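Structure first, commentary second.
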Number of protein chains: 2
Amino acid sequence: MADVAERAGVSTSTVSRTLRGLSTVSPEVRARVEKAAREIDFAVSRQAASLVTGRTGTVAVMVPTLNSWFTGSALSSLAPLLRAAGLQLNVYEIPDLTERTAFFETLPARRNADALLVFSFDLTEEETARLDDLGMPVIYVSQHVDGRPSVYVDDVAGALHGTRHLLNLGHRRIAFVPTEGASGFTFSSNERLLGYQQALTEAGVPLDDDLVVSTRTGSKRAAAEALGTLLSLREPPTAIFAEQDEVAVALVWNLRRTRIAVPEQISVLGFDDQPLADWFDLSTVAQSPSRMGRLAGELALKLIDDAGGAGEAGGSGGTGGTGDAGGSGGDAERHIVLPTHVIPRGTTAPAPEPADQAPGESA
Amino acid sequence: MADVAERAGVSTSTVSRTLRGLSTVSPEVRARVEKAAREIDFAVSRQAASLVTGRTGTVAVMVPTLNSWFTGSALSSLAPLLRAAGLQLNVYEIPDLTERTAFFETLPARRNADALLVFSFDLTEEETARLDDLGMPVIYVSQHVDGRPSVYVDDVAGALHGTRHLLNLGHRRIAFVPTEGASGFTFSSNERLLGYQQALTEAGVPLDDDLVVSTRTGSKRAAAEALGTLLSLREPPTAIFAEQDEVAVALVWNLRRTRIAVPEQISVLGFDDQPLADWFDLSTVAQSPSRMGRLAGELALKLIDDAGGAGEAGGSGGTGGTGDAGGSGGDAERHIVLPTHVIPRGTTAPAPEPADQAPGESA
DNA sequence: CTGAAAGCGCTAACAA
DNA sequence: TTGTTAGCGCTTTCAG
C-alpha cells in the first residue's frame with residue numbers, strides 16, 4: 001500500500017480511503033490512486049485490514065458433506081450472494097464424529113469469520129452452547145434451535161401432506177422408511193416421522209410400528225433389506241413413504257426388479273425432489289435447498305450488519321439465553337420456515353383393490 | 001493472547017511458542033499456558049499471525065459450480081486433507097462469465113491464500129498469465145496447462161478406450177455427443193473428441209462429422225434434439241458415446257420412450273461413472289474426482305511447503321516461463337495424470353445385424 | 001479533503 | 001528456556 005501511496009504521491013491513509021470507496025476523496029486524487037493501484041496489481045490484504053477493523057470479511061459454513069445434492073444446491077446459491085457482498089466463503093466439512101469432536105474442541109472458526117452457518121447437524125445442547133459464545137452470529141440451516149436464528153423447511157408439514165396424498169389415494173397400510181444418519185445428519189428424520197404419524201392419526205388410521213423400517217442411504221442392498229422386512233409382514237403396505245429420494249428410488253428399483261409393479265401394486269413417495277426424482281419419475285415432497293441457502297445468506301448478512309452497527313451490544317452471551325432481546329427484528333425474521341410441495345409423478349397411484357379379503361367378511 | 005500470558009504468568013512470546021507447539025518450552029510452563037488458554041477459550045487469530053508470517057493458512061479453490069457430482073466429490077476429499085494440515089478452505093464459485101471477468105480483474109485470492117486450485121476451467125492464455133503472477137502456487141485440476149502443476153484425467157485415453165469398446169462390439173457407426181459448456185467448463189470436450197477420433201482412425205473407420213452432435217447438459221429436451229438429429233441421418237448410428245453420464249442417461253431415457261431398445265438396437269456409453277450411471281445401469285468410462293481432489297491437495301501442500309522453505313526463490317515470475325526450473329521434483333511430480341476405466345454395464349451390447357442390406361449386394 | 005501517528009494481535013530476531 | 005523489542009500492513013483518530 002505504501003508503494004501505491006508513493007506512486008500516487010499521497011499518503012497511505014488516502015490510498016486506504018480511496019480503495020474502500022469513501023466519499024471523502026477528491027476525484028482527481030481518486031483517479032491517480034486507482035491508476036497506481038492497478039499498475040502494480042495491488043490488492044488489499046484482508047489479514048491486515050481485519051486486524052484493525054475486527055471483521056474478517058469471511059463467512060464460515062459447517063457442512064456434513066460437500067458431496068450431496070442438498071449442500072451442493074444450498075452453497076451454490078449462497079456463494080454468489082456472499083461474493084456480491086465482498087465476503088469470502090470458508091468451508092468446514094465435518095464428515096464424521098472424529099472431525100466433529102475436533103471441530104467443537106478447537107472451534108477453528110473463532111476469530112476467523114464474521115458469521116457461521118451450521119448445516120443440517122443434529123447438535124447436542126452442549127454443542128449449541130459452545131457455538132453461542134463463539135462471538136459471532138450463528139445461523140442454523142435446515143434445522144431449528146430455540147431462540148437462535150434458523151432457516152429450515154417445515155418437515156412436519158411436508159411429511160403430513162405427503163402422507164395425506166397417499167391416504168387420499170385410498171392407501172391405509174402406509175410404511176415410512178427413515179434414514180439412519182452417519183454423523184448426526186438425522187435432524188429432519190424425527191420431524192418427518194412426526195408428520196407421517198400425525199396424518200395417519202387425523203385420518204383415523206392406527207399407527208403400526210412394524211410399518212416404520214429404517215435404512216441407510218445410497219445402498220441398494222440396504223433398501224432391499226428394508227423392503228424385505230415390509231414385504232414379509234402379515235399385512236404388507238400398499239404404499240411406502242421414504243424420508244429421502246435416494247432411498248425411494250432404491251426401493252422402486254428393488255421392487256421393479258422383483259416384478260412388483262410400481263405404482264400399480266405399491267406406491268412409493270420420496271422427499272426432497274432432487275434431480276434423481278425426475279429421472280425416475282418419482283412422486284415426492286419437494287423442498288428447495290437453493291432457496292434455503294439464499295435466505296440463510298441474507299440472514300447472515302443482516303446479522304453481521306447488526307453486530308457491526310450495534311457496537312456488539314448484548315454482551316458475550318450473544319443470541320442465546322434470553323431470547324430475542326436486542327437487535328432489530330422479532331423472532332419471525334430470525335426464524336425462517338420454508339414450505340414444501342407434494343409433487344405427484346409416476347410412482348404413486350390409487351391403492352389396489354383389496355384382493356384377499358379376510359374370509360367371512362361381507363362384500 | 002495477552003490475557004493468556006497474564007493468566008499463566010508468562011510473556012506473550014511464550015504463549016505463542018506454546019500454542020504453536022514449539023519444543024523450546026518447558027513442560028510445566030506449557031501445561032500452565034494450555035490450561036489458561038483453555039479457560040478463556042482462546043484461539044489464535046490467523047489474521048494477526050499471517051500478518052507477520054506472510055502465510056494465510058488458507059487454500060483457495062476456484063470452481064465453476066458447487067452443485068455437481070464432480071466438484072462435490074473432489075472437494076469432499078480435498079477438505080479433510082487440508083483440515084488435517086491445519087489449513088482452511090476458501091471457495092470461489094464462478095458460475096458465469098460475469099463472475100469470471102470480475103474474478104480475474106480483482107483476483108481476490110491475492111494475498112488471501114497460500115495456494116490456488118483452479119478446477120475445470122478452459123482458461124485463456126491471458127487468464128493463465130494473470131494467475132502466474134498471483135504470488136502463490138496455482139494448481140490446475142481436471143485440466144493441464146503447459147509448465148504449470150496439474151492434476152487431470154487422461155481424457156484422450158479414456159475416450160479412446162471407450163470408443164474401442166464399442167468398436168470391439170462390432171459397431172461401425174458410432175456417434176459422439178459432446179456437451180456445450182456454460183462458462184468454459186468445456187476443457188475435456190476437445191480431448192475426448194480427440195480420443196474418439198483416434199480410435200476410429202486406428203480401426204480404419206472413416207470420420208463423419210454428421211455423427212458428432214453437441215447438446216446441453218441436464219436437459220431431456222436438448223438430448224431429444226440431438227438424438228433426433230442422429231436418428232434422422234441417412235445412416236444412423238448403432239452406438240452413441242456421450243461425453244457425460246448425464247447426457248448419456250438422457251439419451252437412454254429418450255430412446256426407451258421412443259421404444260428403441262437399449263442396448264439391443266442402439267448402444268449408449270457415458271463418461272464419468274457418477275452414481276446416476278449405476279442407477280441406470282449405464283456403461284461408462286470411469287474417472288475418479290475424489291482421487292483427483294486428494295492428489296491435488298497433496299500437491300498443493302507440497303508446493304506451499306516448497307515455497308515457504310525455499311525462501312521465495314525464483315522471483316515473482318513464479319512457475320511460468322522457463323519451465324521446471326527451481327523447486328524440487330521434476331515435471332512428473334507436478335503433472336499428475338489419472339487413469340480411466342471402461343465400465344461395461346447394461347447399455348452397451350454387440351451391434352445389431354444389419355437388417356436392411358442394400359439391394360443387389362451379395363449375402 | 002488530506003496527512004501524521006498510533007496501534008490492532010501476533011511472531012521473529014535478539015538478549016538474557 | 002524465557003522475555004524484550006520491533007514491526008508485519010492496514011485503518012482510524014486527530015490535526016491541519
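Below, read A as the first sequence line, B as the second, and so on, with proteins coming before strands; counting in each chain starts at 1. Owing to the predicted nature of the structure, the values given are computational and were not obtained by experimental measurement.
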Protein-nucleotides 6-10 of chain D N/O pairs under 3.5 Å:
from   : atom 1 : to     : atom 2 : distance (Å)
D/dG9  : N2     : A/A48  : O      : 3.3
D/dC10 : OP1    : A/S45  : N      : 3.4
D/dC10 : OP1    : B/R111 : NH2    : 2.6
D/dC10 : OP2    : A/M1   : N      : 3.0

Can you tell whether the side chains of A/D96 and A/R100 come within less than 4.0 Å, N to carboxylate O?
no

Taking all atoms of both residues into account, what is the closest heavy-atom pair of B/N112 and A/V44, and its distance?
ND2-O, 4.2 Å

Within-4.5 Å side-chain heavy-atom neighbours: B/L75 and B/L66
yes

When rounded to whole Å, the CD to C1' distance for the pair B/E6 and D/dG3 reads 16 Å

Angle between the end axes of the helix from C/dC1-D/dG16 to C/dA16-D/dT1, five pairs per end, to the nearest 10 degrees?
30°

Quick one: label A/T24 by what it contacts on the DNA or RNA (base, sugar-phosphate, nothing), any heavy atom closer than 4.0 Å.
base

Decide if atom CD of A/E39 counts as having more than 12 heavy atoms of other residues, nucleotides or ligands within a radius under 6.0 Å.
yes

Would you please classify the geometry between the A/H144 ring and the A/H335 ring as parallel, tilted or perpendicular, with 30° and 60° separating the classes?
perpendicular

Is it true that A/E93 and B/R83 make a salt bridge, defined as a side-chain N closer than 4.0 Å to a carboxylate O?
no

With no angle test and no hydrogens, is the base of D/dT12 tied to the side chain of A/S13 by a donor-acceptor pair under 3.5 Å?
yes

Could you pick out which residue, A/L22 or B/T14, lies toward the 5' side of DNA chain D when each is mapped onto its nearest nucleotide?
B/T14

With a 4.0 Å cut-off on N to O distance, would you call B/D306 and B/K302 a salt bridge?
yes

N-O pairing of A/R32 and A/E28 below 4.0 Å
no

Can you find a pair of side-chain heavy atoms, one from A/Q143 and one from A/D122, that are under 4.5 Å apart?
no

Chain A on DNA chain C: first and last contacting nucleotide, 5' to 3', under 4.0 Å to a heavy atom?
C/dC1 to C/dC10

Trace of the ring-ring contact (aromatic ring centres under 6.0 Å, His included) decision for A/Y152 with A/Y140
CA-CA 8 Å; A/Y152 55 97; A/Y140 294 84; over 10 Å; no

